[in-house]
A.B. asks: 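Please read through the structure below; I'll follow up with questions.
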Amino acid sequence: MKKVALFASIVLLTSACFQAAAQQKNKKTMKKVLFVLTSHSELGDTGEKTGFWVEEFAAPYYELSDKGVEIDIVTPLGGQPPIDPKSDDPSAATEDTKRFDKDTALQAKLKNTKKLATVNQADYDAVFYPGGHGPMWDLATDKNSADLISSFYSNNKPVAFVCHSPAALKNVKVNGDYLVKGKNVTGFSNTEEAAVGLTDVVPFLLEDALQANGAAYSKVGDWQPYAVEDGLLITGQNPASSILVAEKLLQQLNSKK
């Protein structure tokens, strides 16, 4: 009986060791992505509110998290990032935004975002910037954000943006040149900005700013899905492009051992 008990104990101990080793391996192979959201809530001097666009956050978040990617969320100021009221309207609803509306765990996570200045790219495999008009004001000029993007890119890690969030690339330089110089990119177009009546409200036009920094900007028809991948740099034109950007980002993550 003692031999049987000893053998059973050895089997259990061996099994536990294998499980611990497997868990450690999974932890090492699990990809981790940093989401950077705006903290800006004022739409210029219009008296209206802005922030991040729910679809551009929720769709990529679920696309990645459902595939086992671990995600942290940060903002320049920390805490709850402002949601653009128009993106929370039923007319803008998608399956992903409806899922977000019921996702109390993710909503709680949003309320407690860390400050952008406290994170290190070494802890992540990639960075993703959801859009909304907010980034045009804060992330476009945030030095911590610019340094973070440059650090990801310089360390051979993907950097992804959608809609207005390529505004965060405005002041990003790598080795003295604008990161977007000579790169194929897209982002919210001048015609789309005109269509929403904010050409004279935003601090700059994203399409023009990208081209001014030497980017090879391209676009398709207004509101049509379109994403461009140029090496580590991934950009999407508008809300309808958020899934495409997430898919391209996931492909890059999966291609890295």
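Computed from heavy atoms alone, side chains included, the values below leave out hydrogens, waters and symmetry copies.
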A.B. asks: With rounding to the nearest 0.5 Å, note down the distance linking OG1 in T46 to CG in D200.
C.D. replies: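 T46 OG1 to D200 CG: 12.5 Å, rounded to 0.5 Å.
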A.B. asks: Evaluate the criterion side chain to side chain contact (heavy atoms under 4.5 Å, CB included) for residue pair L169 and I149; output intermediate values, then yes/no.
C.D. replies: CA-CA 8 Å; L169 291 163; I149 295 167; 4.1 Å; yes
A.B. asks: Between A126 and L249, what is the shortest heavy-atom contact and its length?
C.D. replies: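 That would be CB-CD1, 3.7 Å.
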A.B. asks: Judged by atom type as modelled, is there a donor-acceptor pair below 3.5 Å linking the side chain of Q107 to the main-chain atoms of F100?
C.D. replies: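 Yes.
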A.B. asks: According to a hydrophobic-cluster definition based on side-chain heavy atoms being under 4.5 Å apart (Ile, Leu, Val, Met, Phe, Trp, Tyr only), do L148 and M136 belong together?
C.D. replies: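 Same cluster.
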A.B. asks: Taking only residues at least two apart or on different chains, which pairs with a member in residues 74-96 satisfy salt bridge (Lys or Arg N to Asp or Glu O under 4.0 Å)?
C.D. replies: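 Sorted pair list: E48-K86, E95-K98.
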A.B. asks: Which heavy-atom pair separates V174 from S154 by the least distance, and what is that distance?
C.D. replies: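 Nearest heavy atoms, V174 then S154: CG1-OG, 3.8 Å.
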A.B. asks: Donor-acceptor pair, E56 side chain versus G132 backbone, under 3.5 Å?
C.D. replies: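 Indeed, once roles are kept as given, a pair shorter than 3.5 Å links the two residues.
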A.B. asks: Could you work out, with salt bridge (Lys or Arg N to Asp or Glu O under 4.0 Å) as the rule, every residue matching E55, not counting sequence neighbours?
C.D. replies: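 Applying salt bridge (Lys or Arg N to Asp or Glu O under 4.0 Å) to E55 gives none.
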A.B. asks: Just grab all the salt bridge (Lys or Arg N to Asp or Glu O under 4.0 Å) pairs involving residues 105-117, residues at least two apart or on different chains.
C.D. replies: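 Listed once each, the pairs would be none.
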A.B. asks: Please list, chain by chain and in numerical order, all residues satisfying side-chain hydrogen bond (donor to acceptor under 3.5 Å, both in side chains) with D103, sequence neighbours excluded.
C.D. replies: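 For D103 the side-chain hydrogen bond (donor to acceptor under 3.5 Å, both in side chains) partners, ignoring immediate neighbours, are Y62.
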A.B. asks: Verify the distance criterion only: is there a donor paired with an acceptor across the side chains of T186 and T235 at less than 3.5 Å?
C.D. replies: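 T186 vs T235: no donor-acceptor pair found between side chains.
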A.B. asks: Only counting residues at least two apart or in another chain, list the ones meeting salt bridge (Lys or Arg N to Asp or Glu O under 4.0 Å) with D66.
C.D. replies: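 With sequence neighbours excluded, D66 shows a salt bridge (Lys or Arg N to Asp or Glu O under 4.0 Å) to R99, given in chain and number order.
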A.B. asks: Verify whether one side chain among Q251 and E229 offers a donor that lies under 3.5 Å from an acceptor in the other.
C.D. replies: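 No, because no side-chain N or O of Q251 sits under 3.5 Å from a partner of the opposite role on E229.
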A.B. asks: When you check the gap from the basic side-chain N to the acidic O, do E42 and K49 get nearer than 4.0 Å?
C.D. replies: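 A salt bridge links E42 with K49.
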A.B. asks: May I have all residue pairs that pass salt bridge (Lys or Arg N to Asp or Glu O under 4.0 Å) and include part of residues 129-143, sequence neighbours excluded?
C.D. replies: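 Qualifying pairs, neighbours excluded: K143-D147.
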A.B. asks: Is a side-chain donor or acceptor of S150 paired with a backbone partner of A146 at a separation under 3.5 angstrom?
C.D. replies: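 Side chain of S150 to backbone of A146: no pair is present.
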A.B. asks: What's the shortest heavy-atom distance between P81 and T38, and which atoms?
C.D. replies: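 Nearest heavy atoms, P81 then T38: CB-O, 3.4 Å.
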A.B. asks: Got a second to check how far L77's CG is from T113's OG1, nearest 0.5 Å?
C.D. replies: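 Answer rounded to 0.5 Å: 8.5 Å.
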A.B. asks: Does F188 form a side chain to side chain contact (heavy atoms under 4.5 Å, CB included) with L205? I'd like the steps, not just the answer.
C.D. replies: CA-CA 9 Å; F188 204 64; L205 292 174; over 6 Å; no
A.B. asks: Taking ring pair (Phe, Tyr, Trp, His ring centres under 6.0 Å) as the cut-off, I'd like each qualifying pair that reaches into residues 63-89, sequence neighbours left out, listed once.
C.D. replies: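 Residue pairs passing ring pair (Phe, Tyr, Trp, His ring centres under 6.0 Å), neighbours aside: none found.
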A.B. asks: Check for a donor-acceptor pair, side chain of E207 on one end and backbone N or O of N190 on the other, with a separation under 3.5 Å.
C.D. replies: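 Flag set: sc E207 to bb N190 pair under 3.5 Å.
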A.B. asks: Looking only at heavy atoms, which two atoms of P130 and L37 are closest? And how far apart?
C.D. replies: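 Heavy atoms of P130 and L37 come nearest at CG-CD2, 3.5 Å.
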A.B. asks: What's the shortest heavy-atom distance between D72 and K32, and which atoms?
C.D. replies: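 Smallest heavy-atom distance, with atoms named: OD2-CE, 3.3 Å.
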A.B. asks: Check whether any side-chain N or O of N171 sits under 3.5 Å from a backbone N or O of A140 as a donor-acceptor pair, and report yes or no.
C.D. replies: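 Flag set: sc N171 to bb A140 pair under 3.5 Å.
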A.B. asks: Do any N or O atoms from the side chain of N238 and from the backbone of Q224 form a donor-acceptor pair under 3.5 angstrom?
C.D. replies: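 Confirmed, N238 side chain pairs with Q224 backbone.
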A.B. asks: Please say yes or no: joined through hydrophobic side-chain contacts below 4.5 Å, possibly via intermediate residues, are V54 and V245 part of one cluster?
C.D. replies: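 Looking at the clustering, V245 is in the same group as V54.
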A.B. asks: Any chance you could measure F57, atom CZ, to S242, atom OG, to the nearest 0.5 Å?
C.D. replies: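 One gets 12.0 Å once the value is rounded to the nearest 0.5 Å.
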A.B. asks: For the atom pair CG (L206) and NZ (K170), what is the distance rounded to the nearest 0.5 Å?
C.D. replies: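 If I round to the nearest 0.5 Å, the distance is 10.5 Å.
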A.B. asks: Residues two or more places apart in sequence or in another chain: which of them pass salt bridge (Lys or Arg N to Asp or Glu O under 4.0 Å) with K67?
C.D. replies: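 If we apply the salt bridge (Lys or Arg N to Asp or Glu O under 4.0 Å) test to K67, skipping adjacent residues, the hits are E63.
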A.B. asks: Give the C-alpha distance, both sets of side-chain angles, the deciding distance and a yes or no for side chain to side chain contact (heavy atoms under 4.5 Å, CB included) between V228 and V185.
C.D. replies: CA-CA 6 Å; V228 175; V185 302; 5.7 Å; no
A.B. asks: Do V172 and Y178 have side-chain heavy atoms sitting under 4.5 Å apart?
C.D. replies: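 No, side chains not in contact.
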A.B. asks: State yes or no: do Y153 and V33 share one hydrophobic cluster built from I, L, V, M, F, W and Y residues joined by side-chain heavy-atom distances below 4.5 Å, directly or via other members?
C.D. replies: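 Different clusters.
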A.B. asks: If Ile, Leu, Val, Met, Phe, Trp and Tyr residues are connected whenever their side-chain heavy atoms lie under 4.5 Å apart, and connections chain through other members, are I243 and L106 in the same group?
C.D. replies: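 They do not share one cluster, since no chain of ILVMFWY contacts under 4.5 Å joins I243 to L106.
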A.B. asks: Check the surroundings of atom CG in N175: do more than 12 heavy atoms from other residues, nucleotides or ligands lie under 6.0 Å from it?
C.D. replies: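 Incorrect, the count does not exceed 12.
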A.B. asks: For the CD atom of E193 and the CG atom of D222, what is their distance to the nearest 0.5 Å?
C.D. replies: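 So the CD of E193 and the CG of D222 are separated by 11.0 Å.
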A.B. asks: Using the rule side chain to side chain contact (heavy atoms under 4.5 Å, CB included), only one of S39, P76, S165, P166 pairs with L139; which is it?
C.D. replies: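 Running side chain to side chain contact (heavy atoms under 4.5 Å, CB included) over S39, P76, S165, P166 with L139 returns exactly one hit, P76.
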A.B. asks: Looking at every non-hydrogen atom in both residues, tell me the closest pair between V119 and L116 and how far apart they are.
C.D. replies: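 Result for this residue pair: CG2-O, 3.1 Å.
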A.B. asks: If you apply the rule side chain to side chain contact (heavy atoms under 4.5 Å, CB included), what do you find for Q121 with V127, and how did you get there?
C.D. replies: CA-CA 8 Å; Q121 65 79 19; V127 66; over 6 Å; no
A.B. asks: Between D125 and K256, does any side-chain N to carboxylate O distance fall below 4.0 Å?
C.D. replies: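 Salt bridge flag = no for K256 with D125.
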A.B. asks: Taking salt bridge (Lys or Arg N to Asp or Glu O under 4.0 Å) as the test, write out the residues that go with K157, two or more places apart.
C.D. replies: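 Salt bridge (Lys or Arg N to Asp or Glu O under 4.0 Å) check on K157 returns nothing, list empty.
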A.B. asks: Going by ring pair (Phe, Tyr, Trp, His ring centres under 6.0 Å), name the pairs with one or both residues in residues 120-151, residues two or more places apart or in two chains.
C.D. replies: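 Of all non-adjacent pairs touching residues 120-151, those that pass ring pair (Phe, Tyr, Trp, His ring centres under 6.0 Å) are F35-F128, H40-W137, Y129-F161, H133-H164.
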A.B. asks: Cluster question for you: counting only ILVMFWY and a side-chain heavy-atom cut-off of under 4.5 Å, with indirect links fine, are L34 and L110 together?
C.D. replies: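 Not linked; separate clusters.
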A.B. asks: Under a 3.5 Å distance rule, please check whether S189 uses its side chain to pair with a backbone N or O of E192 as donor and acceptor.
C.D. replies: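 Side chain of S189 to backbone of E192, a donor-acceptor pair under 3.5 Å: yes, one is there.
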A.B. asks: Does N144 use its side chain to pair, donor to acceptor, with the backbone of A117 at less than 3.5 Å?
C.D. replies: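 Pair absent, no side-chain N/O of N144 close to backbone of A117.
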A.B. asks: Kindly say whether Y226 contributes a backbone atom to a donor-acceptor pair with the side chain of S241 at under 3.5 angstrom?
C.D. replies: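 Flag set: sc S241 to bb Y226 pair under 3.5 Å.
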A.B. asks: List the residues meeting side-chain hydrogen bond (donor to acceptor under 3.5 Å, both in side chains) with D101, not counting sequence neighbours, and say none if there are none.
C.D. replies: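 Checked D101 against side-chain hydrogen bond (donor to acceptor under 3.5 Å, both in side chains); zero matches.
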A.B. asks: Please enumerate all residues that pass ring-ring contact (aromatic ring centres under 6.0 Å, His included) together with Y217, with sequence neighbours excluded.
C.D. replies: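 ring-ring contact (aromatic ring centres under 6.0 Å, His included) check on Y217 returns nothing, list empty.
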